[in-house]
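Single-structure report; data block below.
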Amino acid sequence: HLAVAATGRVRRGVVSALNLETMPGWTGIDLRAELAEQTGLPVTVLNDADAAALGEARLGAGRGLAAMMFVTVSTGVGAGLVLGGQLLQSASGVHADFGYLRAETGQTTESLAGGRALEQWTRQQGGSGGAAQLIGWALDGNAAAAERLERAVWALVRGFGEVRVLTGIEDVVIGGGVGLNPEFIRRLQDCVQKQPELYRVQVRPAQLGADAGLYGAALFAEQKG
């Protein structure tokens, strides 16, 4: 059995990119059928954030939790929800699209907190090191960088609170190249603690790193038989 964790929206093995700048041409690609034809194996395709959510829930930072949300902050912002020990899925593939929550008028969580957005801002300021450079500037006392970083953190934390009041989830596991930056995690945790208790969640760093999606896809395929 071949298990695949793929970025984008996944519906019955068909993958469509949420951001065509990142994955040009990926609209309605029947990845399951193509891989099954090439390998001769049964194929299961799962969204990568969903897969990582399941991996972290069963084997990583979410072990022992009845419910949790996994959020990856990397090139974009993705998420997966595990409720009652089960991964939330939908027939349309539209679910847990955390990056597309409206964070500010005309902007989404992803456009404020995603790695691509942070890198674009850094380049506009003359840098070349992406989100890590922005965070470094903020630590060095650059007021503009600190403000831009605060906007990113606040967009995420606001989304955490909205998910909590809708689902009751109290635990959020953070992954991704930006999300696992120690200073980024610290600022998320500090911001969460400043929120009213109703909107406050426990922010935990992911434990499985880049392998979370691989573990989760394998677990999902196994449970499907």
Exercise. Listed by chain and number, what are the ring-ring contact (aromatic ring centres under 6.0 Å, His included) partners of Phe160, not counting sequence neighbours?
Worked result: Phe98
Exercise. Do the non-hydrogen side-chain atoms of Gln89 and Phe220 ever get within less than 4.5 Å of each other?
Worked result: yes
For this session: Please report the shortest heavy-atom distance between Leu134 and Leu118, naming the atom on each side.
Result: CD1-O, 4.0 Å
For this session: Taking all non-hydrogen atoms of both residues into account, name the closest pair between Ala117 and Ser111 and its distance.
Result: CB-O, 3.1 Å
Exercise. For Val203, does its backbone N or O pair with a side-chain atom of Gln189 as donor and acceptor, under 3.5 Å?
Worked result: yes
For this session: Considering non-hydrogen atoms only, spot the tightest contact between Leu54 and Gly216 and give its length.
Result: CD2-O, 3.5 Å
Exercise. Hey, any chance Val172 and Val82 share a hydrophobic cluster, counting ILVMFWY side chains that come within less than 4.5 Å of each other, even indirectly?
Worked result: no
For this session: Report whether Val14 and Trp26 are members of the same hydrophobic cluster (ILVMFWY, side-chain heavy atoms less than 4.5 Å apart, transitive linking).
Result: no
For this session: Can you see which heavy atom on Leu81 is nearest to which on Ala53, and at what distance?
Result: N-CB, 4.5 Å
Problem set entry | Taking every non-hydrogen atom, the tightest pair across Ile169 and Ala67 | CG1-CB, 4.1 Å
Exercise. Do Val77 and Leu156 pass the side-chain contact (heavy atoms from CB on, under 4.5 Å) test, and can you show the C-alpha distance, the side-chain angles, and the key distance before you say yes or no?
Worked result: CA-CA 9 Å; Val77 176; Leu156 291 165; 4.1 Å; yes
Problem set entry | Side chains of Asn47 and Arg9 in contact at under 4.5 Å (non-hydrogen atoms) | no
For this session: Run the numbers on Gln107 and Arg151 for side chain to side chain donor-acceptor pair (under 3.5 Å), then give the verdict.
Result: CA-CA 11 Å; Gln107 291 185 287; Arg151 288 183 70 200; 3.0 Å; yes
For this session: Quick one: which residue pairs count as a side-chain hydrogen bond (donor to acceptor under 3.5 Å, both in side chains) with a foot in residues 69-83, not counting sequence neighbours?
Result: none
Exercise. Side-chain contact, heavy-atom cut-off 4.5 Å: Ile185 with Ile174?
Worked result: yes
Exercise. Any side-chain hydrogen bond (donor to acceptor under 3.5 Å, both in side chains) pairs touching residues 118-141, not counting sequence neighbours?
Worked result: Glu119-Arg123
Problem set entry | Path from Leu101 to Met69 over hydrophobic side-chain contacts below 4.5 Å | yes
Exercise. Which pairs, with at least one residue in residues 27-37 and sequence neighbours excluded, count as a side-chain hydrogen bond (donor to acceptor under 3.5 Å, both in side chains)?
Worked result: none
Seminar exercise, completed: Between Ala206 and Ala61 the two heavy atoms that sit nearest each other are CA-CB, 4.4 Å
Exercise. Does some side-chain heavy atom of Tyr100 sit less than 4.5 Å from a side-chain heavy atom of Glu110?
Worked result: yes
Exercise. Does the pair Asp190 and Arg186 meet the rule for a salt bridge (charged side-chain N to carboxylate O under 4.0 Å, His left out), with working shown?
Worked result: CA-CA 6 Å; Asp190 286 351; Arg186 187 189 71 76; 2.6 Å; yes
Problem set entry | Residue pair Arg58, Arg63: steps toward the side-chain contact (heavy atoms from CB on, under 4.5 Å) verdict | CA-CA 5 Å; Arg58 300 279 176 83; Arg63 281 179 298 179; 5.9 Å; no
For this session: Using modelled atom types only, decide if a donor and an acceptor are shared between the side chain of Glu170 and the backbone of Val201 within a distance under 3.5 Å.
Result: no
Seminar exercise, completed: Rounded to the nearest 0.5 Å, the CZ atom of Arg102 sits from the OG1 atom of Thr109 at a distance of 10.5 Å
Exercise. Does anything in residues 199-218 pair up under salt bridge (charged side-chain N to carboxylate O under 4.0 Å, His left out), and if so which pairs, sequence neighbours excluded?
Worked result: Asp171-Arg204
Seminar exercise, completed: dist Gln193:CD -> Leu188:CG (nearest 0.5 Å) comes out at 11.5 Å
For this session: Group every Ile, Leu, Val, Met, Phe, Trp and Tyr by side-chain heavy-atom contacts under 4.5 Å, then state whether Leu59 and Leu87 land in the same group.
Result: yes
Exercise. By the rule that ILVMFWY residues connect when side-chain heavy atoms come within less than 4.5 angstrom, directly or transitively, which residues belong alongside Leu112?
Worked result: none
For this session: Take Leu2 and Thr44 through the side-chain contact (heavy atoms from CB on, under 4.5 Å) test and state the conclusion after the steps.
Result: CA-CA 6 Å; Leu2 180 63; Thr44 298; over 6 Å; no
Problem set entry | ILVMFWY network linking Leu208 to Val71, side-chain heavy atoms under 4.5 angstrom | no
